[in-house]
Amino acid sequence: MKTAVVLGAGTMGAGIAEVLARAGFETTLCDRELSLASRGLDRVKASLEKAVAKGKLASADEVLGRLSVAEGLGPVSDLFIEAVFEDIELKKRIFGEVSARSEETLLGSNTSSLSLTEIAAASQGPERVVGLHFFNPAPVMALLEVVRAEQTSPATLDRALELARRLGKTPVVVRDVAGFATSRLGIILGMEAIRMLEGGVASAGDIDRAMELGYRHPMGPLKLTDLVGLDVRLAIAEHLTREVGPQFSPPPLLRRMVRAGYLGKKSGRGFYRWDGDQALEE
Ligand code: 3HC
C-alpha cells in the first residue's frame, strides 16, 4: 500500500494522517470543507515541528511533502481510514460511497465503539472493512486496536496487522462488540470519575492525581477526558448505555458541560482550563 486517505481532520484524523505520512504513505487528509482539512494539516505541521525541535525527526518538509488536503472523499487510494464524528448513519453513508469507487481499497474505520459489522454491511465488498482504532495522541500511542467485523476476511485482517507493524504500532485483535476492549474499560473509569466530581468526593486535580500516583496511570481520567474531548466521550457513553447497559450512563455534569461548549483541551476548557498543552486546575 502506497497511498492513503484519512477522512475527518479533527484531532484523531490529523494524528492518523501524521502517522501515515511519517511511515511513507502519500496521504490526503480530507474533510467536508477544505478549510477544516487545512486546519488539520496545520495541526500536523505544528506536531512535526515539535518532533524536529526535539531531534526525533530529521525533516518536517520531507513528511509534509507526502501530505495534501482535499474536500470531500479525496482521491481513490490503497488505504482509506475514516475518522469522522461517532455517527453510525454518517459512517455507513461514507463507506457506501467510498467502497463503490474501487474494489482494492482497504477500508478502515477509527470508530471507538460503533459496530463495524453494521458499517461493513453498508459497504460494497464488506470483507475489506476492518476497525483501525488509534489512540490520542496518535503519533505517541503504541496501540492499534484492530476490530474484526463479522464480514472481515482473513486477508483483510492480515493487511491490517501488516499495516500496524509498518506504522510502528502493536496491534490487538478484538471481536466487534460494543466498545471493543479499550473504550469499554476506559469509559467506565471516565464516567465514574465525573460522578465522583459531581458528588464532591474530591477536586478534579485530586481525583486525577490519585490515579496518576496511586495507580501509575500516565494521566488521570478527567484530564484524559479533556484530551479526548467531552463530546466524543459523551457520544461513546450514550452508545454503550444503549448497547451494553446502564453502567455506562453519562452523568448529568458531562451533559451540562458539553451543552456549554466545554469540550476539553480543544475548546480551552473542560475539567481543566487549557493554556496550549498546559492543564490548569480550576
Ligand atoms: N503529539 C506528538 N507527541 C506528543 C504529543 C502529541 N499530541 N503529546 C505528547 N507527546 C510526546 C512528547 O513530545 C514526549 O516525547 P519525548 O518523550 O520523546 O520527549 C512524550 O510524548 C511524552 O510527553 P510529555 O513528556 O509532554 O508528557 P507525558 O509524559 O505526560 O506524556 C502523554 C503525555 C503521552 C499524552 C501521556 O500523558 C499519556 O500517555 N496519557 C494518556 C493518553 C491516553 O490514555 N490516550 C488514550 C485516550 S483514549 C482514545 O484515544 C480512544 C479514542 O477512541 C477516544
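Order of listing sets the numbers, starting from 1, for every ligand and every atom in it.
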Indicate every side-chain donor-acceptor pair of residues 245-264 with a distance under 3.5 Å to a residue at least two apart or in another chain.
unit_1, atom_1, unit_2, atom_2, d
S249, OG, P246, O, 3.1
R255, NH1, E238, OE2, 2.6
Y262, OH, R269, NH1, 3.3

Mark whether [atom] lies under 4.0 angstrom from at least one protein heavy atom.
atom                    : result
atom 23 (O) of ligand 1 : no
atom 16 (P) of ligand 1 : yes
atom 10 (N) of ligand 1 : yes
atom 33 (C) of ligand 1 : no
atom 26 (O) of ligand 1 : no
atom 6 (C) of ligand 1  : yes

**Study point:** Proximity of M141 to ligand 1 by residue part, where a heavy atom lies under 4.0 Å
**Key:** side chain
Exercise for review: Please state which part of H217 comes within less than 4.0 Å of ligand 1, counting heavy atoms only: side chain, backbone, both or neither.
Suggested key: neither
**Study point:** Donor-acceptor pair, side chain of T225 and main chain of L230, under 3.5 angstrom
**Key:** no
Less than 4.0 Å between a side-chain N and a carboxylate O, is that true for [Y] and [X]?
X    : Y    : value
E212 : R209 : no
R22  : E62  : no
R66  : D61  : no
E162 : R159 : no

Considering heavy atoms of the protein only, find what lies nearest to [atom] and give residue, atom and distance to 0.1 Å.
atom                    : value
atom 13 (O) of ligand 1 : K54 NZ, 2.6 Å
atom 53 (O) of ligand 1 : H133 NE2, 2.6 Å
atom 30 (O) of ligand 1 : P218 O, 4.6 Å
atom 37 (O) of ligand 1 : M219 CE, 3.6 Å
atom 3 (N) of ligand 1  : V140 CG2, 3.1 Å
atom 44 (O) of ligand 1 : L224 CD1, 3.4 Å
atom 50 (O) of ligand 1 : N136 N, 2.9 Å
atom 48 (S) of ligand 1 : V228 CG2, 3.8 Å

Point to revise | Ligand-residue contact atoms, ligand 1 with F135, heavy atoms, under 4.0 Å | key: 49 (C), 50 (O), 51 (C)
Review point. Can you pull the ring-ring contact (aromatic ring centres under 6.0 Å, His included) pairs that have at least one residue in residues 14-68, sequence neighbours excluded?
Key: none
Point to revise | More than 12 heavy atoms of other groups within 6.0 Å of E198 CD | key: yes
Point to revise | K91: which of E86, E118, E97 passes salt bridge (Lys or Arg N to Asp or Glu O under 4.0 Å) | key: E86
Check your understanding: At their closest point, which heavy atom of M219 faces which heavy atom of L227, and how far apart are they?
Key -> SD-CD2, 4.0 Å
Check your understanding: Within the structure, does S183 bring an N/O atom to less than 3.5 angstrom of an N/O atom in ligand 1?
Key -> no
Check your understanding: Hey, does T11 have a side-chain heavy atom less than 4.5 Å from the side chain of K265?
Key -> no
